[in-house]
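The structure presented is a predicted model; accordingly, all values stated were derived computationally and were not measured.
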Amino acid sequence: MAGLKELRTRIEAIKSTQKITSAMKMVAASRLRRVQILVDKNQGYSENLRRSALRVKTEIEAEEKAKNIRFIRPILLQEKANPQKYTLCVLSSDRGLCGAYNSNAAKRAAQRIRELLKTGKTVKVVCLGKKAYDILRRTFRNDAVEIERMVMDAHNISYPKAAAKLADRVLNGFKAGKFDVCEFVYAQFVSAISRNFVCEQVCPLDLNTEKLDSEALGKINRSGDALYEYLPDKLTLLTNILPILFNDNVFKIMVNAAASEHGARMSSMDSATRNAKKMISELTLKYNSLRQSAITTELIEIIAGAEAI
């Protein structure tokens with residue numbers, strides 16, 4: 001009977017765990033839906049904004065080539081020929097229970113850190129999220145890598161305000177010469193069960209027209225058969241567009257990382273709930289089998305005693 005009591009206690013404990021994981025799954029699904037709306041709405045805006053900046057930059061480069069002159073680039077496009085100081089911003093979660101999300105983010109960051117260290121670069125890591133900070137601090141405890149944790153209370157401020165705050169910090173550091181290049185390691189949201197961990201350069205902005213083929217490059221300054229006109233001049237326009245594009249890039253990264261985290265947690269809690277259901281079914285079957293055996297044994301003893309009398 002002690003076995004039956006232990007099984008009954010274990011089944012009740014697993015049922016309680018199942019209730020928790022099921023509730024966490026629903027909360028994560030609700031948060032994912034809200035953030036996914038931001039991801040979807042931002043995608044078209046971000047692409048059009050980047051294309052506008054790329055269009056103006058292409059026009060400026062064409063004018064430079066035609067007049068054999070060189071314009072002074074805005075601060076966000078000023079790249080050093082041989083950058084040495086890198087800042088790596090790693091986005092992860094402050095909490096666990098989201099599968100391999102945090103470990104994969106830290107793994108991708110560690111891969112990029114090692115690549116930079118091999119080429120003799122100086123690397124500083126800023127972690128937005130406790131989990132990646134703990135993993136990277138253990139991984140590089142014997143290396144000359146400065147690892148800092150940036151605490152941002154995203155629950156009390158909106159994503160646009162959090163992105164603006166982070167963008168201001170990055171831009172101020174770039175203007176002050178604290179680093180030459182800033183890259184973000186984050187999870188690029190694909191779907192609730194799929195995400196890609198990427199390392200993306202954010203500062204200075206990567207607006208290279210070399211990535212466009214000749215056909216796309218020839219049509220970038222046209223809308224159908226009409227050519228674009230610029231007011232004010234192209235350089236002023238580019239200078240005004242770039243900070244908006246920079247802030248949008250940071251916002252895009254933050255909402256993609258948040259959507260990926262909620263998707264990972266939802267999937268993880270869904271798997272935990274299904275595993276708990278399976279364990280409950282198996283233990284209940286075992287409990288019923290033992291209970292039936294105990295009842296059969298008691299009946300046999302009663303019958304045997306009655307026959308003896």
Side-chain angles (χ1 to χ4, degrees), residues 24 27-28 31 35 38 83-117 121-189 195-204 246-247 249-265 268:
M24 290 185 68
V27 171
R31 291 176 176 175
V35 181
L38 297 177
Q84 293 296 320
K85 296 184 290 184
Y86 279 74
T87 291
L88 218 63
C89 294
V90 184
L91 277 71
S92 69
S93 172
D94 286 323
R95 299 178 298 152
L97 299 177
C98 50
Y101 172 77
N102 292 311
S103 59
N104 285 336
K107 188 185 298 182
R108 182 66 183 91
Q111 179 186 353
R112 182 56 179 160
I113 292 169
R114 293 190 181 99
E115 290 173 359
L116 294 171
L117 292 177
K121 310 296 185 184
T122 303
V123 183
K124 178 181 178 180
V125 181
V126 178
C127 296
L128 282 83
K130 182 178 181 296
K131 294 299 181 180
Y133 172 74
D134 293 338
I135 296 171
L136 293 174
R137 192 175 55 173
R138 289 194 304 268
T139 305
F140 295 97
R141 59 181 177 273
N142 297 325
D143 296 287
V145 178
E146 182 183 352
I147 301 177
E148 172 190 339
R149 183 187 171 198
M150 180 178 176
V151 179
M152 186 175 291
D153 192 0
H155 297 290
N156 293 331
I157 58 176
S158 63
Y159 286 108
K161 289 182 179 178
K165 181 179 177 182
L166 179 57
D168 286 342
R169 172 171 174 167
V170 172
L171 187 56
N172 291 335
F174 183 64
K175 289 179 179 178
K178 294 181 180 179
F179 55 85
D180 300 328
V181 176
C182 178
E183 297 178 347
F184 275 67
V185 176
Y186 69 101
Q188 197 174 55
F189 181 77
R195 61 206 63 87
N196 298 321
F197 290 87
V198 297
C199 181
E200 181 179 322
Q201 180 177 318
V202 172
C203 190
F246 177 71
N247 285 352
N249 282 350
V250 177
F251 173 77
K252 176 193 70 176
I253 287 170
M254 290 192 72
V255 293
N256 269 267
S260 298
E261 178 192 341
H262 296 320
R265 183 168 287 109
S268 179

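The backbone N or O of Ser93 sits less than 3.5 Å from a side-chain atom of Asn102, completing a donor-acceptor pair. Asn256 places a side-chain N or O within donor-acceptor distance of the main-chain N or O of Phe189, the cut-off being under 3.5 Å. At distances below 3.5 Å, at least one donor-acceptor pair connects side-chain atoms of Arg265 with backbone N or O atoms of Gly96. Side chain of Arg141 to backbone of Arg138: a donor-acceptor contact under 3.5 angstrom is found. The backbone N or O of Arg114 lies less than 3.5 Å from no partner atom in the side chain of Gln111, so there is not a single donor-acceptor pair.
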(request) I would like to know whether Gln201 and Val181 meet side-chain contact (heavy atoms from CB on, under 4.5 Å); could you show each step before the answer? (result) CA-CA 7 Å; Gln201 180 177 318; Val181 176; 3.9 Å; yes
(request) Please test Ile113 against Thr139 for side-chain contact (heavy atoms from CB on, under 4.5 Å), starting from the C-alpha separation and ending with a verdict. (result) CA-CA 11 Å; Ile113 292 169; Thr139 305; over 6 Å; no
(message) Between Thr122 and Gln84, does the side-chain contact (heavy atoms from CB on, under 4.5 Å) criterion hold? Intermediate values first, please.
(response) CA-CA 6 Å; Thr122 303; Gln84 293 296 320; 5.5 Å; no
(request) Start with the C-alpha distance between Val198 and Tyr186, add both sets of side-chain angles, then the distance that settles side-chain contact (heavy atoms from CB on, under 4.5 Å), and finish with yes or no. (result) CA-CA 6 Å; Val198 297; Tyr186 69 101; 3.6 Å; yes
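One finds the CZ atom of Phe184 at 9.5 Å from the OG1 atom of Thr87 (value rounded to the nearest 0.5 Å). To the nearest 0.5 Å, the span separating CZ on Arg169 from CE on Met150 amounts to 5.0 Å. Taking CG from Leu88 and SG from Cys182, the interatomic distance works out to 8.0 Å, rounded to the nearest 0.5 Å. Atom CZ of Phe174 is separated from atom CZ of Phe179 by 7.0 Å, given to the nearest 0.5 angstrom. To the nearest 0.5 Å, atoms CD1 (Ile253) and CD (Gln188) are separated by 9.5 Å. How far SG of Cys89 is from NZ of Lys124: 9.0 Å, rounded to the nearest 0.5 Å.
Screening Val90, Leu128, Asp134, Asp94 for a side-chain contact (heavy atoms from CB on, under 4.5 Å) with Arg149, the sole residue that qualifies is Asp94.
The two residues Ala163 and Val250 have their closest heavy-atom pair at O-CG1, 3.6 Å.
Remark: Lys85 engages no residue in a salt bridge (charged side-chain N to carboxylate O under 4.0 Å, His left out) (not counting sequence neighbours). Shown here are the salt bridge (charged side-chain N to carboxylate O under 4.0 Å, His left out) partners of Arg112, two or more places apart in sequence or in another chain: Glu115, Glu183. Remark: Tyr101 engages Phe197 in a ring pair (Phe, Tyr, Trp, His ring centres under 6.0 Å) (not counting sequence neighbours).
Looking at Lys252 and Glu200, a side-chain N of the basic residue comes within less than 4.0 Å of a carboxylate O on the acidic one, giving a salt bridge.
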